Structures are given as C-alpha cells and as structure tokens.
Amino acid sequence: MEEADMKRGRTGRAKLLMLAAPVTACAVCFTSADAFAAAGGSSTQPARQGVSEVRYNLGDEAFPPPDSLGYLGDNELNGAVYYPDDISSGTHPLIMIEHGFWDTCADADASRSLTAAQAALAEDEQSGDTADAAKQEAIIEAASDRLSAWPCAPGVRQIPSYLGYDYLGRDLASRGFVVVSIGANGINSTSDGQADTVYQERAALINAQLRMWRTLSSTGEGPLRGSFVDAGSGRPSPVDFKNHVDLRNVGLVGHSMGGGGVMQEIADSSRATWPKGVSIKAAFALAPTATWDVAPITKTSFAVMWGTCDQVNTGEFFDWNKDDNSAPIAQYTVRGGVHDFYNKQWSPSSGQVGAHDDAVPGSKPGTCESQFPEATAPRTDQKELSEQRQRRITKDYAGAYFADHLLGRTRYEPYLTGEKSFPGTGGVVSTRFDGGVN
C-alpha cells in the first residue's frame, strides 16, 4: 500500500476499501435467525440467549505504541461488550472486532465547510481560477484536520466507529459468545505517513486488549476491573467476567483497515506476539485492506467477505494463501455489497457526520458500478444491496463461521464451503473454499 493511500482524499477522509462481487433480489427474505433455523441451527446449538451490553473507556490515549514499532501516536482503550445475559453459565469464546479507517470527530461545521470547499474547488479547476483554488485547498486542509483530530476538540463528540457493528455483536452474543468491539480512532488520526507500521500497530492494539481480557477472566483483576458501565444508563455495572471468557478460543472480526489489522494479527510471523495464554482460532475479515508486507497466513483459519460495489480491490488474502494453507480458508463475494454498509456509523441511515453510500452509481437507479479489476471483468451495473440485507448476510455467514470454528457446530460447514446457500442469499453470495493441507 502506498503512503498516498493513507492520506485524505478530496471527498473527505480517504477510505481504504477492498474487492467486491455481484446482487440478486431475494424472492423471500429471511432474518438471520430464520436462516439459521433453516440451516438446522435449532438442532445444533442452544436456543438464542438474551443479550446485555456494557462499555468501558480507559482513556483516549491510554495505549502508547510499542517502542519496537516506531509508530507515533497513542490510541484509546475502550470497548463495547455484548454478552449473554446468563454470563455466569460456563465459559464463552471471545470474539474481538476492530473497525477501519474513518474520520474521528463528529464536527458538523467542519464537514459542511469541507463539502462546500470541495464543490468550489471543482469549479475553480474547471474555470482555471488558481488563486481561489489555493484558498479552497487551505479550507479543505483545515476542515480535514478538524474531522481527523484525536482527541476531538472540546465540545465535539467522537465518531464512535466501534459501535457500528452492534448488529453483529448482539447476534453473536445471542449464540453464546462474548463480543468486544474496540476503538481505533487514535490510530486513524495518526496513520498518515505511517503505512509501513500501521497494521502492526493495529495488531498490537488487539494484543493489548486481549491481554487485559485474559487478566480479567483469569483473575478478575487488571485494568478492566470495575470499569464497566451499562450501555443504556451509563451507570456502573457489576457484571463479573471472571472465569467466564475463554481466551484460548478467540475469534477476530475486522473491517477495512481493521480487517488488515486482523490479518496482520493472524499472520504466521505475528503468532509469537500473541499474549501468553491466548489462542486465536479463526478470523472473519470484512473487505480487508492489504497489509504492508502481505505476510503469509497459513496456520490460522480465516474467511474474507467483500462486495462487488466495494471500491478498493485489495486484500486478496484467499489467493495469496490458498496454495500453502494448512487451515481452512474461504472467500465470500457478495453481489452488490457496499464497503460502508458493514458499519452502521458510516452508513447513510445513521445520520452520522460523514456517513454516506460510497458505491460508484450505476447507469440506472438502484444500481452501482462493479469494482472487479478491469483486467478481470468489464464494469457492469450491479443491483445494490440495502444496508439491512447486507448486514443480514454478514450475520448469517459470520455467525455460522464462528459457530463452526469456535463451538464445533459442524452442521454449518456445507453453508461455509458453498455446498448450500442460506435462505434468501441464493445467487447473491459466491464462495471459494480451500480446506488446507493437513
């Protein structure tokens, strides 16, 4: 990845996306629960459980980069935790989610200023008004700096990208997992010019969070002790995770650059950095960006999901590793899938500052332009998925994937290998699977 890819683009903060695939309308649309029931979920795993949510925040700059990385810029240590209501019953595999590259501060005035300056600059470039163009570029730079600050200016809320996967966190928690979605706004604010180390920094953040959770689960102590507040009321929560989170059975989810961070974390060369007592069994990456060195991943199972309307065609992790992997790997291509729709905070329906549909419009309403590499296929119209349907598909596949890899629910394997399709997804998701060499 070039350093320029890390810098803010003319349409706002540059977003590092991935490859995609094509969309078909469903004759009958099912909820995620319906799809799992049709797949035999009721007979292969316990009934859905009630879900609770707590949050923690140890400080906006509580995580300094490891000295060995040479990365500059501190990150927050926070998280949204989704867990079964009856957490006291046994131990539960941990799934950690890391979000991607996005603006950090919900500065509406800066966003409006940026949009207006971008429009004015476009006119200046057409008319040849170089003096005003320089003025607009300065406005764009200042507004961009405000939107990507960390910590945010007094009175300006952060954009909580880590909360954008609550639909997935709650769904996974209802199946018996403890799910922790962590913030990476500090990294997003400081990543410009540090493309060669940013993925190691993202992996190091995951390790720092896993280390805290290992201590909490094994001893009830550490930084997380007494730090939880109820997500609804904000009041301190007495939830006790001691002896109830299984750190030897961990799954990871990452989106965009968070997906790249997750893939860096499970690379063969990174396994020695995992905290003692932690074992990462599988990772599910949503449109992951390519890591700097594309380190081989041959020992840990992973799945990659991307959509045909996703603008960044990088992160071809399946192809890079399919001939050498000893663990099963998969790629799910979603016809009409859009990069921003995986994160609710980034999607138009949220009303959040900077949220938008980032797909390239097709020639007809309701379509987007495919983003396959032009050498592979010509640009074509794709029927764009709705936010809700894309997330439903994500829940189906991620839920089945972790039920199989972390809970041993092998009944889902035909759906993960492409032998069967979840109800409502036929023709929308195409699968590539490699079982690996034992």
Side-chain angles (χ1 to χ4, degrees), residues 8-9 11-16 53-64 73-82 96-118 139-170 179-192 202 205 209 224 227-237 255-258 339-358 387 391:
R8 178 182 301 277
T11 58
R13 193 159 174 85
K15 296 165 190 73
L16 303 174
E53 179 185 353
V54 293
R55 297 176 188 169
Y56 61 93
N57 189 343
L58 305 184
D60 288 343
E61 298 176 290
F63 175 63
D74 297 338
N75 193 78
E76 68 267 35
L77 282 176
N78 65 358
V81 187
Y82 310 92
M96 189 162 285
I97 304 175
E98 184 176 67
H99 69 80
F101 184 76
W102 197 257
D103 285 336
T104 54
C105 300
D107 191 327
D109 289 339
S111 183
R112 285 189 290 268
S113 177
L114 177 67
T115 300
Q118 288 169 338
I139 295 173
I140 289 171
E141 184 70 21
S144 297
D145 288 345
R146 289 165 60 187
L147 288 165
S148 63
W150 192 255
C152 298
V156 177
R157 295 177 295 106
Q158 69 161 302
I159 296 178
S161 292
Y162 74 108
L163 299 182
Y165 311 98
D166 63 337
Y167 68 97
L168 182 57
R170 298 189 70 84
V179 184
V180 183
S181 184
I182 63 175
N185 274 346
I187 293 175
N188 286 347
S189 178
T190 57
S191 60
D192 286 356
R202 282 181 167 274
L205 173 63
Q209 290 272 6
L224 293 178
S227 66
F228 298 105
V229 298
D230 180 81
S233 68
R235 298 191 182 98
S237 171
H255 175 209
S256 193
M257 282 190 70
H339 191 77
D340 288 2
F341 289 2
Y342 290 115
N343 189 304
K344 289 169 65 176
Q345 292 288 324
W346 303 2
S347 301
S349 64
S350 71
Q352 181 62 267
V353 172
H356 68 296
D357 179 345
D358 63 321
E387 295 179 30
R391 292 175 198 140

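Starting from 1, each residue takes its place in the sequence as its number. This structure is a prediction, so every number in the text was calculated from the model and none was measured.
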Problem set entry | CG-CD distance between Leu58 and Glu76, expressed to the nearest 0.5 angstrom |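 The CD atom of Glu76 is 11.0 Å from CG of Leu58, to the nearest 0.5 Å.
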For this session: State plainly whether the residues Arg235 and Asp230 are in salt-bridge range, i.e. N to O under 4.0 Å.
Result: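 Between Asp230 and Arg235 there is no salt bridge, as every charged N stays at least 4.0 Å from the carboxylate O atoms.
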Exercise. Can you name the residues that form a salt bridge (Lys or Arg N to Asp or Glu O under 4.0 Å) with Glu387, not counting sequence neighbours?
Worked result: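 Applying salt bridge (Lys or Arg N to Asp or Glu O under 4.0 Å) to Glu387 gives Arg391.
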Problem set entry | Partner set under salt bridge (Lys or Arg N to Asp or Glu O under 4.0 Å) for Asp109, not counting sequence neighbours |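 Result, salt bridge (Lys or Arg N to Asp or Glu O under 4.0 Å) vs Asp109: Arg112.
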Donor on one side chain, acceptor on other, [X] and [Y], under 3.5 Å:
| X | Y | answer |
| --- | --- | --- |
| Trp346 | Ser161 | yes |
| Asn78 | Tyr56 | no |
| Tyr165 | His99 | no |

Problem set entry | His356 and Trp102 aromatic ring geometry - parallel, tilted or perpendicular at 30°/60° bounds |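 Parallel, since the angle between the ring planes stays under 30°.
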N/O donor-acceptor pair under 3.5 Å between [X] side chain and [Y] backbone:
| X | Y | answer |
| --- | --- | --- |
| Ser189 | Ser148 | yes |
| Ser350 | Gln345 | yes |
| Ser181 | Tyr162 | yes |

Problem set entry | Single hit among Asn185, Asp60, Thr104, Asp103 for side-chain hydrogen bond (donor to acceptor under 3.5 Å, both in side chains) with Gln158 |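 Considering Asn185, Asp60, Thr104, Asp103, a side-chain hydrogen bond (donor to acceptor under 3.5 Å, both in side chains) with Gln158 is found only for Asn185.
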Exercise. Residues in ring-ring contact (aromatic ring centres under 6.0 Å, His included) with Phe341, at least two apart?
Worked result: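 Once residues adjacent in sequence are excluded, Phe341 has no partner under the ring-ring contact (aromatic ring centres under 6.0 Å, His included) criterion.
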